[in-house]
Colleague: 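Shown below is the structure under consideration.
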Amino acid sequence: MQHLRTAATEAALALVVLVGAVATAWWRLGAVARGTAWAEDGGLFLRERLAYGVDGTLLRPYAGYLHLVPRLVVDLAVHRPIEQYALTVSAASCVVVGVVAAAVFVLSRDVLPGRTMRLLLAAVPVVLPLAPVEIAGNAANLHWYALVLVPWLFAYRARSWWGSAVVAVLALAAALTELQAVVFLPLLVLAWWPAHRGAPSPAGRVRPAAAWARLRALPVTVAAIGGGAAQVVTALTTERTSERGHPAPADVVAGYLLQPVAGLWDRRVAPVGAAVAEHGAWVLVVPALAVLALLVVALVVAPWRARVLLVALAGGSVVVWTAALLANAPADGRWSTLDAVGLAAVGPSRYAAAAGMLLLSAVVLSAALLVDRGAGRVRRTRTGGAAPVVRSALGWCVVALVVATSVANAAPGASTRSDGPLWAPQVRDAEPACRSDPTRVLEVRTAPWSAQVPCTLVLRDR
């Protein structure tokens, strides 16, 4: 009975997280951004969906990898009134982010038994200051959110075959959406590792029930490796149009401090750059060292499973940032060579958002491990003393900082879509022209490009 109550409570809270995350992500976009189509959403994704249909686009490569979930979002939007296309894509993208948040809440319970800290951890994809600047609320950038989910998917120990199936489906969707999910494949070892080493059978063999339970990791393993293999094959056989980058090590480090790290407390980034120009690099170095110290302390006190995930999240942040600079020459801002004027004019990079989500997840997980010692998950000193109190106080201070910076950056602000152009008015205004010539193809302005919309779609729902 107690088990059923716990499961019901977890499910209810996961639903609350889902709804709250969707509502928050939607609100943070702002009215104009919600109604504006962004980049590939109104460009290549829409164009190919209209040309090749859903079956010809779901696994169609673009920019060297597969985009399953964004393609599904675009297909959904095409089936709704075309006037509402931009709003539908924005809403569906927010729902996907809500699913990511709810999944993180449920999957992280192996490491964090306390629900309060899991709620904060689950909120990371939504409250990240940089999120609404470019990556939130559009299909073109949904693949970044897969990176904050896959570590928890790959490491999760399913408690039932139903749970195993759901995790496998999510893992396959994530792997077929983001190539860099393969970076986290080693975490599958945690899915196979037993929670507790039970007593062996009299013959010294693993008990059948324990062996059967361990096989629940098989579906997610097959899904993750299969999806990752498909992405790798696609990357090796598909030409990328973007020029590869050759960033200097100094630019990688300076950019990481000025983008993902600074983006943890200011979505605009430029004020931080101006502070660096005026006061020196310590404006970034000191917070970075503080984050590093927090991670080290958490690694010392955490159980081994949490340590592995901390290393995966923090290390993944650095890997994702570096890979973005190596794969895309325009992503390199030459940050180490900027003068005072250049630093004050630095804008946020979409490549910083994914690295920032992973880094913020590592920070929140570290703080939670220092605070949440429930069920004996965090080792305590035998003699007690002040150390546990100090650790807990440190953890709560970090939590307070995360909440404060999230609240300070929560309101809708300037973004790549905040100036429009709105999609719906353009479609409505073009209806008379479509009625006079149903074979016409409209050019609907988007941010930053334009979309070609056949009048047959405009008239379909009239």
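FYI, the numbering just counts along the sequence from 1. In this text the structure is predicted, and so the values were computed from the model without any measurement.
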Colleague: Please examine the side chains of Leu107 and Leu149, heavy atoms only from C-beta on, and report whether any two atoms are closer than 4.5 Å.
Modeller: yes
Colleague: To the nearest 0.5 angstrom, please state how far the OG1 atom of Thr24 sits from the CG atom of Leu29.
Modeller: 11.0 Å
Colleague: Identify the two heavy atoms, one from Pro421 and one from Gln426, that lie closest to each other, and give their separation to 0.1 Å.
Modeller: CB-NE2, 3.9 Å
Colleague: Would you call the rings of His143 and His67 parallel, tilted or perpendicular, taking 30° and 60° as the class edges?
Modeller: perpendicular
Colleague: What residues, two or more places apart in sequence or in another chain, satisfy salt bridge (charged side-chain N to carboxylate O under 4.0 Å, His left out) together with Glu40?
Modeller: none
Colleague: Any side-chain heavy atom of Trp38 within less than 4.5 Å of one from Pro448?
Modeller: yes
Colleague: Determine the interplanar angle of the Tyr62 and Phe45 rings, folded into 0 to 90°, and report it as parallel if under 30°, tilted if 30 to 60°, perpendicular if over 60°.
Modeller: perpendicular
Colleague: Indicate yes or no for a side-chain donor-acceptor contact from Thr177 to the backbone of Val69 under 3.5 Å, with no hydrogens or angles considered.
Modeller: yes
Colleague: Hey, mind stepping through Leu359 and Trp321 against side-chain contact (heavy atoms from CB on, under 4.5 Å) and telling me if it holds?
Modeller: CA-CA 11 Å; Leu359 180 60; Trp321 172 253; over 6 Å; no
Colleague: Check step by step if side-chain contact (heavy atoms from CB on, under 4.5 Å) holds for Trp27 and Val126.
Modeller: CA-CA 10 Å; Trp27 172 70; Val126 180; over 6 Å; no
Colleague: Counting N and O atoms only, with roles assigned by atom type, does the side chain of Thr238 sit under 3.5 Å from a partner on the main chain of Gly64, one being a donor and the other an acceptor?
Modeller: no
Colleague: For the side chain of Arg34 and the backbone of Trp26, is there at least one donor-acceptor N/O pair under 3.5 Å apart?
Modeller: yes
Colleague: Do Val453 and Trp423 make a side-chain contact, defined as non-hydrogen atoms from C-beta onward lying under 4.5 Å apart?
Modeller: yes
Colleague: Measure from the side-chain N and O atoms of Arg417 to the backbone N and O of Gly137, and report whether any donor-acceptor pair falls under 3.5 Å.
Modeller: yes
Colleague: What's the shortest heavy-atom distance between Ser90 and Ala33, and which atoms?
Modeller: OG-O, 4.1 Å
Colleague: In Å, rounded to the nearest 0.5 Å, how long is the span from CG of Leu299 to CH2 of Trp304?
Modeller: 14.0 Å
Colleague: For Leu264, which of Leu128, Asn409, Val402 qualifies under side chain to side chain contact (heavy atoms under 4.5 Å, CB included)?
Modeller: Leu128
Colleague: From Tyr351 OH over to Asn141 CG, what is the distance, rounded to the nearest 0.5 angstrom?
Modeller: 9.0 Å
Colleague: Which atoms form the tightest heavy-atom contact between Leu295 and Ala314, and what is the distance?
Modeller: CD1-CB, 3.9 Å
Colleague: Determine the minimum heavy-atom distance between Leu257 and Ala288, stating which atoms define it.
Modeller: CD2-CB, 3.5 Å
Colleague: Judged by atom type as modelled, is there a donor-acceptor pair below 3.5 Å linking the side chain of Asp332 to the main-chain atoms of Arg334?
Modeller: yes
Colleague: If you take all heavy atoms of Val276 and Val283, which pair is closest and at what distance?
Modeller: CG2-CB, 4.1 Å
Colleague: Evaluate Met117 against Val399 for side-chain contact (heavy atoms from CB on, under 4.5 Å), listing each step before the verdict.
Modeller: CA-CA 9 Å; Met117 292 302 169; Val399 168; 3.9 Å; yes
Colleague: Is Arg157 close to Leu190 at the side-chain level, that is, under 4.5 Å between some pair of heavy atoms?
Modeller: no
Colleague: Do side-chain atoms of Ser164 reach the backbone of Arg216 as a donor and acceptor pair under 3.5 angstrom?
Modeller: yes
Colleague: Side-chain donor-acceptor pair under 3.5 Å between Tyr65 and Arg240, yes or no?
Modeller: no
Colleague: Any sub-3.5 Å donor-acceptor pair from Gln259's side-chain atoms to Ala352's backbone N or O?
Modeller: no
Colleague: What do you reckon, is CZ of Arg445 surrounded by more than 12 foreign heavy atoms closer than 6.0 Å?
Modeller: no
Colleague: Less than 4.5 Å apart, any side-chain heavy atom of Leu66 and any of Leu179?
Modeller: no
Colleague: Between CE of Met357 and CG of Leu147, what distance do you get to the nearest 0.5 Å?
Modeller: 7.0 Å
Colleague: Closest heavy-atom contact between Leu309 and Pro151?
Modeller: CD2-O, 3.8 Å
Colleague: Does Thr57 offer a backbone N or O that forms a donor-acceptor pair with the side chain of Arg71 under 3.5 Å?
Modeller: yes
Colleague: When rounded to the nearest 0.5 angstrom, what distance separates OG in Ser415 from CZ in Arg28?
Modeller: 11.0 Å
Colleague: Can a donor-acceptor pair be found, under 3.5 Å and without considering hydrogens, that links the side chain of Arg391 to the backbone of Leu370?
Modeller: no
Colleague: Run the numbers on Arg118 and Leu13 for side-chain contact (heavy atoms from CB on, under 4.5 Å), then give the verdict.
Modeller: CA-CA 10 Å; Arg118 282 194 284 135; Leu13 285 174; over 6 Å; no
Colleague: How many angstroms lie between atom CG of Leu360 and atom CG of Leu121, to the nearest 0.5 angstrom?
Modeller: 9.0 Å
Colleague: Do Leu326 and Pro247 have side chains that get closer than 4.5 Å, going by heavy atoms?
Modeller: yes
Colleague: I'd like to know if the side chain of Ser93 pairs up with that of Tyr145 as donor and acceptor (distance under 3.5 Å, no hydrogens or angles considered).
Modeller: no
Colleague: Any side-chain heavy atom of Pro260 sitting closer than 4.5 Å to one from Val320?
Modeller: no
Colleague: Of Ile135, Val269, Asp266, which is the lone residue that meets side chain to side chain contact (heavy atoms under 4.5 Å, CB included) with Leu130?
Modeller: Val269
Colleague: In the structure I gave you, are the side-chain heavy atoms of Val111 and Leu369 within less than 4.5 Å of one another anywhere?
Modeller: yes
Colleague: Within the distance-only criterion (no hydrogens, no angle test), does the side chain of Asp41 pair as donor or acceptor with the backbone N or O of Asn138 below 3.5 angstrom?
Modeller: no
